[in-house]
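All values below come from the heavy atoms of this structure, side chains included, with hydrogens, waters and symmetry mates left out. Letters go in sequence order (proteins before strands), and every chain restarts at 1.
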Protein chains: 2
Amino acid sequence: MQELTSMRLTTQRQIILEELSKVTSHPTANEVYDMVRRRLPRIGLGTVYRNLELMAETGMILKLEVGGTQKRFDATVAPHYHVRCLECGKVDDIKMQVQHNINETAAQASQYQILGHHIEFTGLCSDCATSTHQASIN
Amino acid sequence: MQELTSMRLTTQRQIILEELSKVTSHPTANEVYDMVRRRLPRIGLGTVYRNLELMAETGMILKLEVGGTQKRFDATVAPHYHVRCLECGKVDDIKMQVQHNINETAAQASQYQILGHHIEFTGLCSDCATSTHQASIN
DNA sequence: TTTTATTTGAGAAGGTTTATCATCTGGTAT
DNA sequence: ATACCAGATGATAAACCTTCTCAAATAAAA
Ligand SMILES: [Mn+2]
Ligand SMILES: [Mn+2]
Ligand SMILES: [Zn+2]
Ligand SMILES: [Zn+2]
């Protein structure tokens, strides 16, 4: 694991964190790469992966393992839940209260030492809900 | 999408479903492949992927998009929750009541048309909890 | 300024999943 | 029972995402 103290403040790291903090879209590593490249055209994709991983390990950011193929990243580290649109794959925050209690319920219902949970809602974003509705009319 | 009616009952499909139904381990496609190959040594990995995907589409089985790199499959289609061991990656069922109500809470807290949710608990399985404890003693 | 351990960028490699396509087969019609 | 054929299979290539490797670059300490 990476020590927070021995982590250099490189330009790449700063800009990756800055760009991730600008958005609420839970971008994939590749999307972060595209964002960062506008400011640092010579950055490597590996550097983006490496640093997102490192920042997630040290708790500076969150690595979301939501449905879909790619991992997504989130600068909002406070516990919260997500929705994913089944149509377009967009991921948004759900601003509802965190269900702290269910960890205990789960602990009682299993042999695991429960350390946390995450909830992913699935559905249709407003854009896709209307266009899907349109399609069913046509 | 695949029509249930036009789906042939091939030996491969039957055995894939049978083998998946035998276990509660939420195997990856590769693990299903290994299980099935004992009975059908000439089956292709592509066939396993293709049919797991198809069965998931038609609702015969569940495709779990839990944390970790690989997708996992589940013959138990009734709604239920999962725990994943942070140490060894094992996935188990959590036999607790499904929180139907939170879908409405989420719907009120967002612009999405909420269709469902899934909860993934994280923690340590009994094996890993003890060995991690051992390690911290040594 | 010099030193050095860490980090970077480029590219290769790895692992998982999907696509392609000639061949095969389950289900149906004859 | 036999012929037929849309759908399925197996082999393999390709796509895709992520991690690894290592010489060169650089942040930070001396
Ligand atoms: Mn978020
Ligand atoms: Mn299950
Ligand atoms: Zn959408
Ligand atoms: Zn474990």
Side-chain angles (χ1 to χ4, degrees), chain A residues 1-20 26-58 60-73 84 89 91, chain B residues 1-20 26-58 60-73 84 89 91:
Chain A
M1 217 219 270
Q2 177 71 1
E3 288 288 331
L4 205 55
T5 51
S6 67
M7 235 175 120
R8 283 193 195 164
L9 273 66
T10 64
T11 314
Q12 289 84 346
R13 279 213 247 277
Q14 287 172 238
I15 294 185
I16 288 170
L17 185 56
E18 276 177 31
E19 291 299 312
L20 183 62
H26 309 88
T28 64
N30 227 318
E31 287 167 348
V32 174
Y33 178 50
D34 286 342
M35 290 154 59
V36 170
R37 241 188 325 178
R38 290 183 212 124
R39 294 175 60 186
L40 283 180
R42 300 197 43 87
I43 197 171
L45 178 57
T47 303
V48 174
Y49 268 101
R50 196 190 309 125
N51 283 309
L52 288 171
E53 189 63 44
L54 232 44
M55 291 180 200
E57 272 180 24
T58 56
M60 298 169 67
I61 65 171
L62 249 77
K63 175 161 66 167
L64 307 182
E65 313 206 326
V66 294
T69 43
Q70 286 143 288
K71 300 207 171 70
R72 294 176 170 274
F73 297 87
R84 179 170 48 94
V91 175
Chain B
M1 203 191 312
Q2 178 70 357
E3 289 286 330
L4 206 54
T5 51
S6 67
M7 235 177 126
R8 284 193 195 162
L9 274 64
T10 64
T11 314
Q12 288 85 344
R13 277 212 247 276
Q14 288 170 235
I15 293 184
I16 288 170
L17 185 57
E18 276 177 31
E19 290 300 312
L20 183 62
H26 310 86
T28 64
N30 227 316
E31 287 167 349
V32 174
Y33 178 50
D34 286 342
M35 290 155 59
V36 169
R37 241 189 325 178
R38 290 183 212 125
R39 294 174 61 187
L40 283 180
R42 300 197 42 87
I43 196 171
L45 177 58
T47 303
V48 174
Y49 268 102
R50 195 189 310 124
N51 283 309
L52 288 172
E53 189 62 45
L54 234 42
M55 291 180 201
E57 273 180 22
T58 56
M60 299 168 68
I61 65 171
L62 246 65
K63 175 162 66 166
L64 307 182
E65 313 205 326
V66 295
T69 43
Q70 287 143 289
K71 300 207 170 72
R72 293 176 170 274
F73 297 88
R84 179 170 47 94
V91 175

Query raised in the report: Should A:R37 and A:I43 be marked as a side-chain contact (heavy atoms from CB on, under 4.5 Å) after you check the CA-CA gap, both sets of side-chain angles, and the distance that decides it?
Result: CA-CA 6 Å; A:R37 241 188 325 178; A:I43 197 171; 4.0 Å; yes

Give a yes/no on whether any side-chain N or O of [X] is located under 4.0 angstrom from OP1 or OP2 of [N].
X     : N      : answer
A:T47 : C:dT8  : no
A:T10 : C:dT8  : yes
B:T69 : C:dG15 : no
A:Y49 : D:dT19 : no

Report task. Using modelled atom types only, decide if a donor and an acceptor are shared between the side chain of B:R72 and the backbone of B:H26 within a distance under 3.5 Å. Result ->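 Confirmed, B:R72 side chain pairs with B:H26 backbone.
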
Query raised in the report: Any donor and acceptor pair, going by atom type alone, linking the side chain of B:R13 with main-chain N or O of B:R8 inside 3.5 Å?
Result: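 Present.
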
Quickly work out the [X] [atom1] to [N] [atom2] distance and round it to whole Å.
X     : N      : atom1 : atom2 : value
A:E53 : D:dC17 : CD    : C1'   : 13 Å
B:R72 : C:dT16 : CZ    : P     : 11 Å
B:Q12 : D:dT9  : CD    : C1'   : 6 Å
A:L45 : D:dT19 : CG    : P     : 10 Å
B:Q14 : D:dA8  : CD    : P     : 13 Å
A:E31 : D:dC16 : CD    : P     : 15 Å
A:E65 : D:dT18 : CD    : C1'   : 13 Å
B:R50 : C:dT17 : CZ    : C1'   : 13 Å

Requested in this report: Tell whether A:R8 reaches the base of C:dT6 with its side chain through a donor-acceptor pair below 3.5 angstrom.
Outcome: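 Answer yes: a donor N or O sits under 3.5 Å from an acceptor.
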
Query - Electrostatic pair A:E18-A:R39, nearest N-O below 4.0 angstrom - result: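 A:R39 and A:E18: salt-bridged.
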
Report summary line: Scanning both residues in full, the closest heavy-atom pair of B:L9 with B:Q14 reads O-OE1, 3.3 Å

Query raised in the report: Touch check for A:N30, heavy atoms < 4.0 angstrom, all strands: base, sugar-phosphate only, or nothing?
Result: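 Result for A:N30 = nothing.
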
